[in-house]
Amino acid sequence: MALNIAVCVKPVPDPNNYDKIQIHPEKKTLMRQGIPTILNPIDKNAVEEALRITERFGGKVSLFTMAPPDAVETLREGLAMGADEAYLLSDRAFAGADTLATSYTLSLGIRKAGYYDLVLLGNESADGATSQVPAQLGEWLQMPHLMNIQCINMKDEKNAEADMRIENGYIRYNIQFPACIAVRREINKPRYTSLKNIIKSKTKKLEVWEAEDLNPDMSRIGLKGSPTQAGRIYIPDISRKSEEITGTPEEIVEKLTNKLISAGVNIRKGAQAV
Amino acid sequence: MKKEIIVYAEHQDNKLSSVAAELLGEARRLAGSYGPDVKISAALIGEKVSDLIEELISLGADTVYMADNPSLKYYSNESYSRVITHIIKQQDPDIFLVGATAKGSELAPTVGGQVGTGVAAHCVELKLSSEGWLIQVVPSFGGKVMGEILCPNHRPQMATIKPGVFEKGPKDTNRHGEVINVDTDELFKDFTPRITPLGVHYQPPQGRPLETAEVVVAGGWGIGSKQNWNKIEQLADVLGAAVGCTRPAVDEGWAPGEHVMVGTSGKTIKPKVYLAIGISGATHHICGMKDSGTIISINNDPKAPIFDVSDFKIVGDFEKILDPLLRTLNE
């Protein structure tokens, strides 16, 4: 038995730098200069899970992304982790895509590349964080799909049990392959890439497909294929007065206690933590 | 024709989720700005869920579409989306609102994909444009940037909203409404599920629930150790507060788990008082607590971004403050 696994990944601006994002005062567009692009952190968990499954059962791992041409670097990161090949879907015609158009485009790439038993994704991207591509990709591929999955337990080459995290526990499902599954970060700990694998990744197959390679319904890609449209963007002003409480520790404690009481806190004297 | 707003009536074990009540409240508010000719409905799915009808009507539903069937006992996006897509195709509503819970965040895009309409995720504000379109305000980049999303040419306009964003509407037990049963036998007659729910496992959270707490004591990376974390818990106990935290405190194993994490990928809360200790204030954390009543923060880094969103700040080592504070409070 061997499993072919497609993993969808996304290049995102490094989340540690989101406080540096600005909006252009006249053009009202996002300015993210100086913020490095990285492989969306949770996508590494999806790649890791794919590698663990294929290491156990045999098969191959293919990476897919719909992104600008420089996403080659992001794909190399996934290849360096151990994925076998990568496909970059890149065309100006894809620009402006919302999740429905993005997932449509990804579904065409996956279909063109071959048969996949399993499609894995990270549960959300750090930048948009809509968490909508996994379910919609499953719909386009007509595969059963699950998201928010914290554990995948392979039963055989046609079935897995998967635990979906909910607010106060989890739901266990059986899901039949081919299937599309989005994973949470606690599903595994992504491996580090070795220098050897980084060098090896440079010779792995990486294909770039443009719109015409995918033969798409043009009304379903890019801005035109997106039911949602982006309107005004802004950075909300959430600043407050930030009045400093100063003094010796004892004075600070006294002032702080008074602030807490006047803000409406009821102090339960003598309470002990359990 | 009457415009219709449908709210997904999420419940857990036949107890209505708070977010469903919040969305009905918001739907009523939206209906008010639409004008008189708006109908508000709830989509109720499960097994033996008819007990919830009255509650949904009292919370603002004019109509309840109910799919009640033993095969719908457990949530699965495969079966539940079939019901919702069916209701949407029958009713052609203008707006469909879903709570951005784990289930709702999966269900909404699934239905959006089936119907071919747009979904705005994790909206924090809904309003109407002059054309009568829904303006859906969504956070991105961890909440640093807010964007307005429109869905001008497709219906319904779908939105997910996290629990705690909107206020519940008033309950009026004198309200009247109608129930329309979805013919589940017909709907599922040629249905071969590829996803089978095997069971729900509950892991009840410990401590005071964050969502309803009036006071929250939250700790982050700066707390430094499990031993120090215990002091955060003690302080929360004396203040009758719930404990909150940031991602690093979960990852380090100090905090009890993700259910107490505040932020974009955790909970959105607005307690009366939020006391942030050892939290630098990453964008995605601030997004989850910025609407709190009074925000007080303690951090030894004078440049910590948390200070910018605080009413009061203490620049210094929390360890020097916490012990005498606990002593004073316990006196």
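On a predicted model such as this, the values are computed, not experimentally measured, just so you know. So you know, we letter chains A, B, ... as the sequences are listed, proteins then strands, and number each from 1.
Each of A/T246, A/N266, A/L146, A/L260 has some count of heavy-atom pairs under 4.5 Å with chain B, and the biggest count is that of A/L146. By number of non-hydrogen pairs under 4.5 angstrom with chain B, the leading residue of A/A162, A/S242, A/P249, A/G169 is A/S242. Comparing A/N16, A/L30, A/I23 by heavy-atom pairs within less than 4.5 Å of chain B, the highest count is held by A/L30. Comparing B/T294, B/L326, B/T283, B/L325 by how many heavy-atom pairs each has under 4.5 Å with chain A, the most go to B/L325. Chosen from A/M147, A/Q22, A/R185, A/M143, the residue pairing most often with chain B at heavy-atom distances under 4.5 Å is A/R185. Counting heavy-atom pairs under 4.5 Å between each of B/H122, B/R327, B/K272, B/M158 and chain A puts B/H122 at the top. In terms of heavy-atom pairs under 4.5 angstrom with chain B, the leader among A/T130, A/L256, A/I245 is A/I245. Ranked by non-hydrogen atom pairs under 4.5 Å with chain A, the options B/C151, B/G118, B/P109, B/P152 are led by B/P109. Of the listed residues (B/T160, B/I195, B/V200), the one with the most heavy-atom contacts under 4.5 Å to chain A is B/I195. Of the residues considered (B/D323, B/I149, B/I298), B/I149 shows the highest number of contacts with chain A, using heavy-atom pairs under 4.5 Å. Considering only heavy-atom pairs separated by less than 4.5 Å from chain A, the leading option among B/S140, B/G199, B/G113 is B/G199.
Of the two parts of A/Q176, the backbone and the side chain both hold a non-hydrogen atom closer than 4.5 Å to a non-hydrogen atom of chain B. Heavy-atom distances place the side chain of B/Q12, and not its backbone, under 4.5 Å from chain A. With a 4.5 Å cut-off on non-hydrogen atoms, B/T101 touches chain A through its backbone and its side chain both. Both the backbone and the side chain of A/I175 come within contact range of chain B, with heavy atoms under 4.5 Å apart. With a threshold of 4.5 angstrom between heavy atoms, A/P134 does not approach chain B through any atom at all. For A/L137, no part lies under 4.5 angstrom from a heavy atom of chain B. If you measure heavy-atom distances from B/E214 to chain A, you find no contacts under 4.5 Å at all. Only the side chain of B/V137 comes within less than 4.5 Å of a heavy atom of chain A; its backbone N, CA, C and O stay farther away. Within the 4.5 angstrom heavy-atom criterion, no atom of B/P163 approaches chain A. If you measure heavy-atom distances from B/I295 to chain A, the contacts under 4.5 Å come from both the backbone and the side chain. For chain A, no part of B/Y74 is nearby; none of its heavy atoms comes within less than 4.5 Å. Contacts of B/V215 with chain A are made by side-chain atoms alone, with heavy-atom separations under 4.5 Å and no backbone atom involved. Proximity to chain A (any heavy atom under 4.5 Å) is restricted, for B/D251, to the side chain, taken from C-beta onward. With a threshold of 4.5 angstrom between heavy atoms, B/P305 does not approach chain A through any atom at all. Contact of A/E254 with chain B is not made at all, since no heavy-atom distance falls under 4.5 Å. When heavy atoms are compared at a cutoff of 4.5 Å, A/Q142 approaches chain B solely by way of its backbone atoms N, CA, C and O. B/I314 touches chain A through backbone and side chain together, each having a heavy atom under 4.5 Å away. B/T264 does not touch chain A: none of its heavy atoms, backbone or side chain, sits under 4.5 Å away. For a residue to count as touching a neighbouring chain, one of its non-hydrogen atoms must lie under 4.5 Å from one of that chain's; by this rule A/N148 touches chain B with the side chain only. Residue A/M164 touches chain B through its side chain alone, counting heavy-atom pairs closer than 4.5 Å. Within the 4.5 angstrom heavy-atom criterion, only side-chain atoms of B/V273, from C-beta onward, approach chain A. Proximity to chain B (any heavy atom under 4.5 Å) is shown, for A/A263, by both the backbone and the side chain.
No cation-pi contact links A/K158 to A/F177, judged by a cut-off of 6.0 Å to the six-membered ring centre and 45° from its axis.
Electrostatic pairing of A/R32 and A/D14 does not count as a salt bridge here, judged by no charged N lying under 4.0 Å from a carboxylate O. Using a 4.0 Å cut-off between a side-chain N of Lys or Arg and a carboxylate O of Asp or Glu, A/E26 and A/K28 do not qualify as a salt bridge. Remark: A/E243 does not engage B/K313 in a salt bridge, criterion side-chain N to carboxylate O under 4.0 Å. Salt bridge annotation for A/D127-A/K10: present, with a cationic side-chain nitrogen under 4.0 angstrom from a carboxylate oxygen. Using a cut-off of 4.0 Å between Lys/Arg side-chain N and Asp/Glu carboxylate O, A/E250 and B/K320 are scored as not salt-bridged. The residues A/R184 and B/E258 are annotated as salt-bridged, a charged nitrogen and a carboxylate oxygen being separated by less than 4.0 angstrom. Ion pair A/E48/A/K189 not flagged as a salt bridge, since none of the NZ, NE, NH1 or NH2 atoms sits closer than 4.0 Å to an Asp/Glu carboxylate oxygen.
Exactly one residue among B/V238, B/D237, B/I277, B/I296 makes a side-chain contact (heavy atoms from CB on, under 4.5 Å) with B/V217. That residue is B/I277.
When ring centroids are compared, A/Y116 and A/F64 come within the 6.0 Å threshold.
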Side chain to side chain contact (heavy atoms under 4.5 Å, CB included) assessment of B/Y75 paired with A/I166:
CA-CA 11 Å; B/Y75 162 83; A/I166 55 171; over 6 Å; no
Go through the steps to decide whether B/D311 and A/K259 satisfy the test salt bridge (Lys or Arg N to Asp or Glu O under 4.0 Å), and finish with yes or no.
CA-CA 10 Å; B/D311 298 287; A/K259 299 268 185 246; over 6 Å; no
Pair A/Y173, A/E161 - check side chain to side chain contact (heavy atoms under 4.5 Å, CB included), show working.
CA-CA 5 Å; A/Y173 292 103; A/E161 282 181 13; over 6 Å; no
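Checked by atom type, the side-chain pair A/W140/A/Q136 shows no donor-acceptor distance below 3.5 Å. Residues B/Y202 and B/D13 have side chains that bring a donor and an acceptor to within less than 3.5 angstrom of each other.
Proximity of B/K267 to B/E211: side-chain heavy atoms (C-beta onward) are separated by under 4.5 Å at one or more points.
A donor-acceptor distance shorter than 3.5 angstrom exists from the side chain of A/S103 to the backbone of A/L100, with no hydrogens or angles considered.
Here the CH2-CG distance, from B/W133 to B/N153, works out to 6.5 Å after rounding to the nearest 0.5 Å. Here OG1 of B/T117 is found 7.5 Å from CZ of B/R155. Values are rounded to the nearest 0.5 Å. Taking CD of A/Q150 as the start and CD1 of A/I152 as the end, the distance is 11.0 Å to the nearest 0.5 Å.
Listed by sequence position, A/P227, A/T228, A/Q229, A/A230, A/G231, A/R232, A/I233, A/Y234, A/I235, A/P236, A/I238, A/S239, A/R240 are the residues of residues 222-240 of chain A in contact with chain B, using a 4.5 angstrom heavy-atom cutoff.
Residue A/M218 places its CE atom among 12 or fewer non-hydrogen atoms of other residues, nucleotides or ligands, all under 6.0 Å distant.
The aromatic rings of A/Y170 and B/H201 lie parallel to each other, with less than 30° between the two planes, well short of the 60° mark.
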